[in-house]
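Please read all numbers here as calculations on a predicted model, not as lab measurements.
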Amino acid sequence: MGSSVSQAAAPPPPPPPPAYGAPPPFAAAEAPPPKPHEEEAAEQKVDYLNLPCPVPYEEIQREAFLALKPELFEGMRFDFTKMVSQVFALSHSVSMGSMEVPAQGSDVIKIPTSNYEFGANFINHKMMLMGRISHEGREIIRVKYDLTENLSVKINAQLTSEPHYSQGMFNFDYKLACLLYHFINNKTLKDIESLYIFYAFQSVTKNLSLGTEAFWLGQQRKSGVGVVARYDTKKWVATGQIATTGMVALSYVQRVSEKVSLASDFMYNQMTKDVTASFGYDYVLRQIDHWKKDYKFGFGMAVGE
């Protein structure tokens, strides 16, 4: 008689599937992320009932103008402003340098000059009054008054001691949510000549604005019309203007960073066949105020003739 004991070992578990194996054929696949242009299209839905008001017509090329035509002078200038109250201020300005007078050919004659101006400013929420008077008796007056929330009137005048060289300009601005009307009446006392200009500038989309202009020169009985377009994004600005007088103006500004911009413009005059083009850059250095330990420093350079 005997006994026997038997024991069977459990079979080994199957090997795990490789990590790089293909997913099951019926597994739910995740939706692909949206493409960048699809996100931009979703963000740039146009609300035609709530478009932004366009920039003033005379500032259509302001970005290119600031970069390519900065305020430059040769010599020395000192400006001082004293705030008398929250709405009233006095200013003094002294400058010494030279004035360029064109001569025959490409020569330029420089004449030494100096100037002193005393100014007063009054600004509140509805009105702006600015006045300057120089030691030669030249006066510059600027007035802006808001008649309503959408309607404002502007007056610019320059009075000189020289006969027939004083002039005045009257502007009327009417703006809606996305439309700006601008009317100018410019009168020069020399020969009693009047210039009438009408602007209309409309926001078509969030970035695109279109406009038109018309002018009438009273004494010479000349008129003309023009069209303008401006496309403004966060990274670049492009403008174009064309008029029946034969003038074509184009500009482009690329914002490289918060402090650096590249700019270019192109102008063509069909009547004189003149063509001009400019290229430049604008770099904003660190600005600090000395009194508050926030210093300001600037540097300018002009190259060319």
Residue pair [X] / [Y], side-chain heavy-atom distance below 4.5 Å:
| X | Y | result |
| --- | --- | --- |
| E117 | I133 | no |
| Y268 | M247 | no |
| L208 | R230 | no |
| V260 | D282 | no |
| Y145 | K154 | no |
| I155 | I141 | no |
| V87 | I123 | no |
| V228 | Y57 | yes |

I'd like to know if [X] pairs up with [Y] as an ion pair, taking the criterion as any Lys NZ or Arg NE/NH1/NH2 lying under 4.0 Å from an Asp or Glu carboxylate oxygen.
| X | Y | answer |
| --- | --- | --- |
| K206 | D232 | no |
| E149 | K126 | no |
| K69 | D265 | yes |

Other residues, nucleotides and ligands only: do more than 12 of their heavy atoms fall within 6.0 Å of [atom1] on [X]?
| X | atom1 | result |
| --- | --- | --- |
| M83 | CE | yes |
| K82 | NZ | no |
| R132 | CZ | yes |
| F122 | CZ | yes |

Smallest separation among heavy atoms of [X] and [Y], with atom names:
| X | Y | answer |
| --- | --- | --- |
| V248 | I242 | CG2-CG1, 4.0 Å |
| D146 | K144 | OD1-NZ, 2.8 Å |
| E136 | S161 | O-OG, 3.9 Å |
| S134 | N115 | CB-OD1, 3.6 Å |
| N121 | G131 | OD1-N, 4.3 Å |
| G226 | T212 | O-OG1, 2.9 Å |

Item to complete: Quick one: do F215 and V225 satisfy side chain to side chain contact (heavy atoms under 4.5 Å, CB included)? Show the steps, please.
Response: CA-CA 7 Å; F215 74 89; V225 295; over 6 Å; no

Once rounded to the nearest 0.5 Å, what's the spacing between atom [atom1] of [X] and atom [atom2] of [Y]?
| X | Y | atom1 | atom2 | result |
| --- | --- | --- | --- | --- |
| I140 | L159 | CD1 | CG | 9.5 Å |
| Y199 | I60 | OH | CD1 | 8.5 Å |
| S152 | M127 | OG | CE | 14.0 Å |
| F201 | E58 | CZ | CD | 10.5 Å |

Have [X] and [Y] got a donor and an acceptor in their side chains that come within less than 3.5 Å?
| X | Y | value |
| --- | --- | --- |
| N207 | T233 | no |
| S91 | T81 | no |
| T272 | D274 | yes |

Practice prompt. Check the pair L210 / V227 against side chain to side chain contact (heavy atoms under 4.5 Å, CB included), numbers first and verdict last.
Written response: CA-CA 8 Å; L210 301 176; V227 293; over 6 Å; no

Discussion item. Is there a side chain to side chain contact (heavy atoms under 4.5 Å, CB included) between K235 and Q254? Walk through the geometry before answering.
Written reply: CA-CA 6 Å; K235 294 184 178 180; Q254 177 73 44; 4.2 Å; yes

Discussion item. Keeping S166 on the side-chain end and T160 on the backbone end, is there a donor-acceptor pair under 3.5 Å?
Written reply: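 Judged by distance alone, yes, a pair lies under 3.5 Å.
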
Fill in: Donor-acceptor pair, side chain of H92 and main chain of F80, under 3.5 angstrom
no

Worksheet entry | Near-ring test Y231/W236, centroid separation under 6.0 angstrom | yes

Discussion item. Pair Q241, E213 - check side chain to side chain donor-acceptor pair (under 3.5 Å), show working.
Written reply: CA-CA 10 Å; Q241 290 179 271; E213 65 174 332; 4.5 Å; no

